[in-house]
Every structure is written in structure tokens, then in C-alpha cells.
Amino acid sequence: MMWKNIAGLSKAAAAARTHGSRRCFSTAIPGPCIVHKRGADILHDPWFNKDTGFPLTERDRLGIRGLLPPRVMTCVQQCDRFIESFRSLENNTKGEPENVVALAKWRMLNRLHDRNETLYYRVLIDNIKDFAPIIYTPTVGLVCQNYSGLYRRPRGMYFSAKDKGEMMSMIYNWPAPQVDMIVITDGSRILGLGDLGVQGIGIPIGKLDMYVAAAGINPQRVLPIMLDVGTNNEKLLQNDLYLGVRQPRLEGEEYLEIIDEFMEAAFTRWPKAVVQFEDFQAKWAFGTLERYRKKFCMFNDDVQGTAGVALAGLLGTVRAQGRPISDFVNQKIVVVGAGSAGLGVTKMAVQAVARMAGISESEATKNFYLIDKDGLVTTERTKLDPGAVLFAKNPAEIREGASIVEVVKKVRPHVLLGLSGVGGIFNEEVLKAMRESDSCKPAIFAMSNPTLNAECTAADAFKHAGGNIVFASGSPFENVELENGKVGHVNQANNMYLFPGIGLGTLLSGARIVTDGMLQAASECLASYMTDEEVQKGILYPSINNIRHITAEVGAAVLRAAVTDDIAEGHGDVGPKDLSHMSKEDTVNYITRNMWFPVYSPLVHEK
Ligand SMILES: NC(=O)C1=CN([C@@H]2O[C@H](COP(=O)(O)OP(=O)(O)OC[C@H]3O[C@@H](n4cnc5c(N)ncnc54)[C@H](O)[C@@H]3O)[C@@H](O)[C@H]2O)C=CC1
Ligand SMILES: CC(=O)C(=O)O
Ligand SMILES: [Mg+2]
């Protein structure tokens, strides 16, 4: 597809999605679940525990009668009880420092996660807008920074250099027979917080929570992985409580041997799993993507997921200006940050321009300006990153190393997009310079995470760049009240809108690799999700409350692209022919039917 069909959501689809997440899955009576334990062991297993939710007959059958208070509560009553406690926590911590409150909330959710997974995910799904900022960005960043102190119970698997030669057997230590989604990090670039070593495990855990909440991946089939190859963070190396391997990071072949061995082990045990690479420093993000993308079913979320989300937002800004999508080819875009995310975004956006305009990628770079820590990237740059070569400007146009404000003043861009990890770098001067943009609705995307690393706040963007901008940030901000009484809408430009659908669509297609076509389809689907009315108000992305619906749509688009690319091998009883005969609507229904939803299944004990 050539980005021609982006004319907003059909009426039927718009109506369907307003039903919200709870309508998107089957509520049929759940089938029984076989357990091999009885008695108190069941209560201590978060996969099976129902707390006060065990019916009396089940208490008899499982030998837990008398081990619980007599009252039997429904899952809904248990959710209400949890939310009441959560609101009490909020009230009781009013006035406390923000970080203290955020961690207290995370601990409360984490305790539930450790105790009763079904209830945890039910609470998460029903309150995703309130809880995503805790289990995901921004609080997950704080959790990673403090993980060695916060650690109580293991979650996920850890592989280190000490495990070399052992991984093929270690992988069988994971208790679940089937794994569908793996998220792996080496902790080397956690959000915009740098190298956090083993403490980065919080990111795969948070991403997989989003997989369960948004994509309905069964939580018994997800696996967070920490590849502990050391850390170069001196503070952590000096910290007695640090839980990781206390050595500098492995490099070169030594590093690759570890990750190669892990990939072989994981795909030997679970050949149909999908692996998401997350928060690797740029060199390994690109290096591993090139190394594995044709061999294993994997993608890099920071490079590819972010690119798709950003591109959908960029196309939205064209629509917000009241222009046809084809006008994207004329948008001048300044990207600040030339790492794994910034380069991924620039590349995908340039490819879209090339396709739309029918020109070469090199010609399509004309309106793109890339800035890194040394300023504007030009061909004059010594030690030019190979990934940035295509985007390097001619220094005759603007000088090598020009600052952000210099570039903005000279170029008058339609879009200023930050993926630098540097908080506040879009300062007052930069934002005021955006008032002179050639666009009637300039766009400012401060995509770095967590909140303190955002290139600017929403309030500052609307204050200094003007009330007519469209604004998006990687972590959530509140909408801004403008002086004219109108609302400055804040969008969350975060890869969470795509990675769950990319993973789920890939899994259900049975594809053995993730192609560019599948990623492009995901981005196009997100771009076309919003109505013209919404986009014109500056709302570029859906509400997170609709995350299950958007994920079903994205998943279907990914699956259909896999069929088009002739790589869909089918999943379970659904073969490649069945997939290829599905209409678009059938595909969305198929995806939706396969989403797990947290309900208590009757437990049947088997020895
Ligand atoms: N909203 C979203 O969905 C996503 C947001 N991100 C965020 O993007 C940020 C960067 O991630 P990566 O690209 O993976 O990091 P990276 O470390 O690979 O790249 C950072 C880039 O920023 C540049 N930079 C550093 N200081 C700068 C300065 N003062 N001025 C201009 N450029 C500067 C560096 O030269 C480098 O090119 C992180 O904060 C991350 O949280 C990343 C992925 C997804
Ligand atoms: C959102 C995300 O993946 C990041 O900030 O790295
Ligand atoms: Mg990331």
C-alpha cells in the first residue's frame, strides 16, 4: 500500500472502537485449567491463585477449605477492593515526594502481580489509563534505577557470561511449557536513563505486561529476559547491593557469542516464539537486528516499533494541517537524536516519502535534518555513523554541527521531533523559534522517556511555541488548558501503540520472520485509525483505553501483510490457506478471539 488509503476510520470501525477494551474479547465461560498441585501450594502459585475467589466446591476439591476466609468474592468485587486500597494509598501519600508515591504505587501493583496474576491483569486491563504510567513509562524507569533495592521475587530469566555453554539446558528451567512472546534486553540503554545493567529487567517485564493487557497474550506464555553481560555504569559497579555481574560490559565477539547462544537456545525450545529486542545501545540494536532478522522471528522495538508509531503521527500532522496525505513529501522534519530510535524513525519516514513521491531514498532525504549530540549531521562530519550517512546534509546548506535553534530558525520545519534522551533540550528559545515554522500547525514531538528526559514538557511547548501546535510526548502529560479557553491536546507517541500488535499479528500468522511489509502495515493501520475530526483537534493517537481494539486492528494488518508476503505458515489449527481466505474483518475477529482475558478458570487437579 502507498499510504493512499489513510482517510480516517470508517464509521463502523469508529463505532466499534468506542465500545472500549472490555467488548473486544470473548466472555464465554472459560475452559478448565489442569493443575498438578493441591492445598496451600495452589494459594502460593500466582498463576492459579484466586485468593478469596475460590468457589466453595473448588476449595473442597483442591484441599484448601479452611485456608481462606469463608466469604467467596467475585473477580469484580476483588478488583473493586483493590482499587479502593489503591485510592486510599493515593490519599494517604498526598504531599509526599512524587518518586516516593510512584514507587509505593508500583509496589502495590507488584505485590498483586506476585500473588494473583489473573486479578492483577484484570485490574490492569480495566484501569489501563491509570496503571500504564506505573508499570510502564515513566515509573518503570524509576523502578529500574532502584531495582536492586526493590527486588523481592524473581521474574523472567537471567543469562550471563558465566552461563556460556549452559544456555541450551538452562532454558528448560523455565517452568512454562509454551512461550509465545519473549522481550529481551541487555540493560545498556534503559529509556533515556543510560546503562542500568541487570536492573534493566524491569523493561521486559513492563513491556510484557503491556503485551498481556493490550494484545491478550496469555501471561503464562510470556518470558522477560535479561542478558547480563556486565555494566559500564560505575555507580552500579561500586554498589554493594547491585544484583548483576560486577564487570565491565562484554564487547565484540564475546558479546555476540552470548546472545547467539541465547537465541539458539530459545528457538530450539520454542521455535514459534516471537522475540522483541528492547533498549539495547544503538550499536547492538542495529547489529543484532541485521544479524538475526532473516534468521529468527524477531524485531527491535526501539528501531522498528518507534519508527512506525512516529510515522503514523507524522502523517497525522499532515492531516491536522488540513492537507492531503500526499503533502507528507513536502514536510520539513528536524529529528534530534540519531541513535537507534532517531535513525529508525528517519529511515522509515524517508522510505515513505520515496514511495509516495516515486523518487529514490537519497532524493527523499531532502527535507530531513538530523541532529545528534554534536549538532547537525553533515557530510563534513568526521567519523560519520554509517547509519546516518544517507541523511547527512551538504554543509553548504547549513554548517556542520549547527545547534537545534540554528537549524530551526533556518529551516522553519513543519515538525521538530526529539529522540535524544536529553530532558529540556527543546528550551524556550527553540520552542519560540518554532513559531516561525512554515506550517500552520507545527508539530512538536518530545518522544524521549521517562518524563524528565522529555525534550520539553507539554505546558512549555504550548506556552512558547503557541496554542496552534500539535504535541506528542513519549511519556504521558496532562492536556494543557490554553489561554483562549481551548484544550491543547497531548498525544502519547509511544511504541506501545504498535509493538503488541506487531508481536500478536506475527505470532498468529505463524511467520518465521518479521518483514518490512508487516511493519509498514502496522504503521499504516495506526495512521488510519483516527477520524478526521479527531486529527483536526490535534488528537493523533487513540486513547490508551482503546489499546485492545487498536492492537487487534494492528495485529490483523500485520497478519494480512504476512499473508501478502507469502510467509504466513498458520498457527495451531488455522493453516496458511485459512488465513489467506480471511477477509479483513474475519482477520480482526480471528485476532480478537485469540486474545486472552483474565477470568478465573475452574481448576481441575491431576496428579
Ligand atoms: N516514545 C517512544 O516510543 C520511544 C522513545 N525512545 C526514547 O528515545 C531516547 C533515545 O533512544 P535511543 O535512540 O535508543 O538512544 P541512543 O543512545 O541510541 O541515541 C541517542 C541520540 O541522541 C543524541 N544526543 C545526545 N545528546 C544530545 C544533545 N544534547 N543534542 C542532540 N542530540 C543528542 C546522541 O548523539 C544519539 O544520537 C530515549 O530517551 C528513549 O526513551 C526510544 C524508543 C521509543
Ligand atoms: C518506549 C521505549 O521503548 C523507550 O523509551 O525505549
Ligand atoms: Mg525501548
Side-chain angles (χ1 to χ4, degrees), residues 132-133 136-138 140-141 144 183-196 200 202-204 206-207 210 276-287 289 299-313 334-348 369-377 381 383-385 387-388 391 401-408 416-427 430 445-455 472-477 491-500 502 523 526 541:
Y136 192 62
T137 185
V140 73
C144 289
V183 177
I184 180 171
T185 188
D186 68 355
S188 55
R189 191 287 278 149
I190 294 301
L191 307 178
L193 304 169
D195 180 353
L196 294 184
I203 290 293
K207 291 273 174 183
M210 291 303 285
Q276 172 168 325
F277 277 58
E278 194 67 50
D279 289 9
F280 284 72
Q281 56 182 312
K283 70 174 175 186
W284 291 127
F286 292 117
L289 185 58
F299 68 100
N300 184 297
D301 180 40
D302 299 295
V303 178
Q304 298 167 301
T306 312
V309 165
L311 180 54
V334 173
V335 178
V336 181
S340 59
L343 284 178
V345 168
T346 312
K347 190 170 164 201
M348 194 170 189
Y369 298 80
L370 192 61
I371 296 177
D372 70 2
K373 64 179 187 332
D374 299 318
L376 182 76
V377 178
R381 175 77 58 102
K383 290 199 189 145
L384 185 54
D385 179 340
F391 317 115
S403 67
I404 305 174
V405 74
E406 237 178 301
V407 175
V408 169
L416 176 64
L417 185 152
L419 281 162
S420 64
V422 185
I425 201 172
F426 295 170
N427 56 27
V430 170
F445 282 30
M447 289 181 68
S448 289
N449 298 313
T451 313
L452 284 178
N453 297 67
E455 284 75 9
S473 52
S475 296
F477 282 101
N491 296 280
Q492 195 175 354
N494 191 293
N495 50 30
M496 70 181 179
Y497 283 115
L498 285 193
F499 71 76
I502 295 172
S523 180
L526 181 61
Y541 298 101

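Counting starts at 1 for both ligands and their atoms, following the listed order. Residue numbers start at 1 and run along the sequence shown.
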Classify the contact between [X] and ligand 2 as side chain, backbone, both or neither, using a heavy-atom distance cut-off of under 4.0 Å.
X: Asp302; answer: side chain
X: Asn495; answer: side chain
X: Glu278; answer: side chain
X: Thr306; answer: neither

Hey, which atoms in ligand 1 end up nearer than 4.0 Å to a heavy atom of [X]?
X: Gly339; answer: 13 (O), 16 (P), 18 (O), 19 (O), 21 (C), 36 (C), 37 (O)
X: Asn495; answer: 3 (O), 44 (C)
X: Leu191; answer: 38 (C), 39 (O), 40 (C), 41 (O)

**Asn453 heavy atom under 4.0 Å from ligand 1** = no
**Prompt:** Measuring from the heavy atoms of Asn494, does anything fall under 4.0 Å of ligand 1?
**Reply:** yes
**Request:** Check for a donor-acceptor pair, side chain of Ser448 on one end and backbone N or O of Gly421 on the other, with a separation under 3.5 Å.
**Result:** yes
**Complete:** Among non-hydrogen protein atoms, atom 5 (O) of ligand 2 lies closest to Asn449 ND2, 2.8 Å
**Message:** the Mg ion (ligand 3) and Asp302: any N/O/S contact shorter than 2.8 Å?
**Reply:** yes
**Complete:** Per residue Asp279, nearest N, O or S atom to the Mg ion (ligand 3) is named OD1
**Prompt:** Restricting to N, O or S atoms of Glu278, which is nearest to the Mg ion (ligand 3)?
**Reply:** OE2
**Request:** Would you indicate whether the side-chain heavy atoms of Pro476 and Pro138 approach each other to under 4.5 Å?
**Result:** yes
**Asked** Does Glu455 reach the side chain of Phe445, with side-chain heavy atoms less than 4.5 Å apart?
**Response** no
**Request:** Give the ring-plane orientation class for Tyr136 versus Phe499, where under 30° counts as parallel, over 60° as perpendicular and anything between as tilted.
**Result:** tilted
Does any N or O atom in [X] lie less than 3.5 angstrom from one in ligand 1, N or O only?
X: Ser340; answer: yes
X: Asp302; answer: no
X: Ala338; answer: yes
X: Gly474; answer: no
X: Ala493; answer: yes

I need the contact type for [X] against ligand 1. Using non-hydrogen atoms and a strict under-4.0 Å cut-off, is it side chain, backbone, both or neither?
X: Leu419; answer: both
X: Val336; answer: side chain
X: Thr137; answer: neither
X: Met496; answer: neither
X: Pro450; answer: neither

**Prompt:** Counting heavy atoms only, which of Lys373, Met447, Gln492 comes nearest to atom 35 (O) of ligand 1?
**Reply:** Lys373
Check each atom of ligand 2 against the heavy atoms of [X] and keep those under 4.0 Å away; list them by number with element.
X: Leu191; result: 4 (C), 5 (O), 6 (O)
X: Lys207; result: 1 (C), 2 (C), 3 (O)
X: Arg189; result: 6 (O)

**Request:** Could you go through the salt bridge (Lys or Arg N to Asp or Glu O under 4.0 Å) check for Asp372 and Arg381 one step at a time?
**Result:** CA-CA 11 Å; Asp372 70 2; Arg381 175 77 58 102; 2.9 Å; yes
**Prompt:** Is there a nitrogen or oxygen of Tyr136 sitting under 3.5 Å from a nitrogen or oxygen of ligand 2?
**Reply:** no
**Asked** What pair of heavy atoms forms the shortest contact from Ser523 to Leu311, and how long is it?
**Response** OG-CB, 3.8 Å
**Request:** Please name the pair of heavy atoms, one in Val309 and one in Asn495, separated by the smallest distance, quoted to 0.1 Å.
**Result:** CG2-CA, 3.6 Å
**Prompt:** Just by distance, with hydrogens left out, do Glu278 and Thr185 show a side-chain donor and acceptor under 3.5 Å apart?
**Reply:** no
